[in-house]
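Have a look at the structure below, then the notes.
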Protein chains: 2
Amino acid sequence: MESQTPVGRKITLNDIAAGCGVSRATVSLVLRGSPLVNKLTRARVEEELRRQGYVYNRAAANLRRRTSSSVALVVNELANPFFAEFAAGVDEALGEAGFVTLLGNTGESVGREQAVLQSLIEHGPGGIILSPAEGSEAHAVLATVGAHTPVVLFNRELGGTLPEYAHWDRLMLDNQRGARLATEHLIARGHRRIAFFGSHDDSSSCRERHAGYLQAMQAAGLPVEPHWRVECALTRVDAARAAHALFEGGAAPTAAVCYNDVAALGLMLGLNQRGVRPGHDFAITGFDDIAEAAMSTPSLSTLSTAPRLRGRQAAELLLARLRDPQAQAGTVIAPVELVVRESSCPLS
Amino acid sequence: MESQTPVGRKITLNDIAAGCGVSRATVSLVLRGSPLVNKLTRARVEEELRRQGYVYNRAAANLRRRTSSSVALVVNELANPFFAEFAAGVDEALGEAGFVTLLGNTGESVGREQAVLQSLIEHGPGGIILSPAEGSEAHAVLATVGAHTPVVLFNRELGGTLPEYAHWDRLMLDNQRGARLATEHLIARGHRRIAFFGSHDDSSSCRERHAGYLQAMQAAGLPVEPHWRVECALTRVDAARAAHALFEGGAAPTAAVCYNDVAALGLMLGLNQRGVRPGHDFAITGFDDIAEAAMSTPSLSTLSTAPRLRGRQAAELLLARLRDPQAQAGTVIAPVELVVRESSCPLS
DNA sequence: CAAGTGATTTGAATCGTTCTAATAACATCC
DNA sequence: GGATGTTATTAGAACGATTCAAATCACTTG
């Protein structure tokens, strides 16, 4: 029967060393599989490790080695499936590399973002993957994370500008192109009065998508009415509420390019409440391709972003940076792909 | 202009102490707001802290104090909105208490669960909140986390039994009662041939829900056909695929109690593909009340579990345990509430 | 003025690792 | 036999904080 210790102090290298008559240093070498140690000693030590139920104290090791084995992941809305998938991807890739994920959720609040970053940075993560809250400012973030910890920005830019010495990497989606593709698609289906729905212009990704939309509209020589730009918070409930604004004012749109899938699904709900049938009387596109997009009725035409893959990619970027801290900072623009489903019906 | 340090070593207590001519001990006292230190010294030290841009090294402090300021959160499927919400709730409550969340996602794999727990435990979390993967065994989990780290089990039981010395708390949903309520509701709406759809019997929560269903059926004197129990993985896609099995064999059911919302939404999709209209020709109930439940067409009748609140609650349980490690281990059964929407139509 | 008091400050040990430089034991070579 | 390697092992100082006992200082006070 293995001797287990139901209660008592934690086992340390000293206990093991004492337990089999070698020095602490030797045990440490065994732990890290050094070739310097004799086969027999190694076996004896390993047996003792098992017997006493030793567990490695990585925090102590990190302190001594001045390294880190964690990465902080700070997202603006974990409850959004896009970010949940993203987080799963990040955690997966970090885990494979032997890192652990420190989670922080800001709920789209700049204040909480500050608090969360502050708390996480004190735990000494090797780096930070940050999807900023709307309205988050570069100088504020830099002030709390400091210049020592590498940052990968995901999804959104920060407000203001970073000093040159902070070389932060970026992983962004091809927002402008995506929104342009969606708009062109709706135009090709015969729509001429097309709205842009959701989010706020505070967010860089929103501005980019809006720009793509405008680009396509202008290229097609189509006019754009002011009341075709409706802002809302990124929840289904708020999007449903905001839907009605599309029909107040002049000529009502027959289609909408939505900031993302959550906004699009909320818009569908709002339209249904008005008796307008999405995918029938009104065409809609989303952005993200979250799992629900394929499953909703009507299914949602959208831009696929492969959030889990993006998560892995963000993790890879950070790991690369940790390997080479001096490398030139880079921006990766992840491609997006138009997925046509039922919601982007032709003009009836 | 504040002097910032774009590059260089990390600032420690020693730097601060040297920088304003006091001892390391004094600076430490200032940091923790001790009343022992003189007002003037405190001011001088605080100024220096700001000037040098000091950041606290919580790992070092934890090592010395033999405490922990982190909690590991291990979930079986982060991409499931139910768990994403749960995670957000956990992180929120832990953050308020000054703890940081170490994330681990197992993707419903017992192997990954082991690996994830192993890696997390080495970072010395104060405790673990675990929603086990299907088929996870008590003795295996205990062996890797050890008896020193308190655990709160959420949502599912582990297989096998725990030794008495491991007093782990539990936060479970009132699965049996919930499923019974759902079934009784469908019976009250006139259904007599009711299926139980989704998940696998490996999972304790699934067995409990199934038991609740059987209980209601028996109480109403209704027969249960074997092919009315259809298992599937907890993704919409697999649920949609599995839907067809309901109609193979004898008398087809007119309603289904689903293991959870994801299964229910997938079932809807599968029914639509067969030309059966959920909420019209076929009644459905879910479990969890994820955000999409209210938004789907038809909207989904389900059992509300308030996942974010459960997350907070799990965190509270763990924090209470950290405050009093010797307290009797407890099991909390969180109430669930039937939310009637469109999907549970009367028998047509 | 010696001793007592309260308010501040500090030296040194410690947490559980890693790592450098030193030591020890033993074989090899001229 | 002494110089030279080779191979295994280890003592002890870090890492960046906390903490306790002890020291220092400025005042009272009998």
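So you know, we letter chains A, B, ... as the sequences are listed, proteins then strands, and number each from 1.
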Should [X] be listed as having a side-chain N or O under 4.0 Å from OP1 or OP2 of [N]?
X: A:Ser23; N: D:dA11; answer: no
X: B:Thr41; N: C:dT9; answer: yes
X: B:Arg58; N: D:dG16; answer: no
X: B:Arg66; N: C:dG16; answer: yes
X: A:Thr26; N: D:dT10; answer: yes
X: B:Arg32; N: D:dT18; answer: yes

Going by atom types only, do [X] and [Y] share a side-chain donor-acceptor pair under 3.5 Å?
X: B:Gln118; Y: B:Gln114; answer: no
X: B:Glu134; Y: B:Ser203; answer: no
X: B:Gln52; Y: B:Asp15; answer: no

Whole angstrom value for the distance that separates [atom2] of [N] from [atom1] of [X]:
X: B:Leu31; N: D:dG16; atom1: CG; atom2: P; result: 15 Å
X: B:Asn38; N: D:dT24; atom1: CG; atom2: P; result: 19 Å
X: B:Glu122; N: C:dG16; atom1: CD; atom2: P; result: 16 Å
X: B:Leu13; N: C:dG11; atom1: CG; atom2: C1'; result: 15 Å
X: B:Asn62; N: D:dA17; atom1: CG; atom2: P; result: 12 Å
X: B:Leu40; N: D:dC25; atom1: CG; atom2: C1'; result: 16 Å
X: B:Leu36; N: D:dA22; atom1: CG; atom2: P; result: 17 Å
X: A:Arg24; N: C:dC15; atom1: CZ; atom2: P; result: 10 Å

*Touch check for B:Ala25, heavy atoms < 4.0 angstrom, all strands: base, sugar-phosphate only, or nothing?*
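Base contact.
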Checklist entry - Would you say B:Thr106 and B:Val74 make side-chain contact, with heavy atoms under 4.5 Å? => result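 B:Thr106 vs B:Val74: side chains touch.
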Quick one: does B:Arg64 reach the base of C:dT14 with a side-chain donor-acceptor pair under 3.5 Å?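 Donor-acceptor pair under 3.5 Å: yes.
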Query raised in the report: Atom CG in A:Asn62, atom CG in B:Leu63: separation rounded to 0.5 Å?
Result: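 Between atom CG of A:Asn62 and atom CG of B:Leu63 there are 11.0 Å.
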Name the closest nucleotide to the [X] side chain, picking from [options].
X: A:Tyr56; options: D:dG16, C:dT17, D:dT19; value: C:dT17
X: A:Ala60; options: C:dA13, C:dG16, C:dT10; value: C:dG16
X: A:Val22; options: D:dG16, C:dT9, D:dT10; value: D:dT10

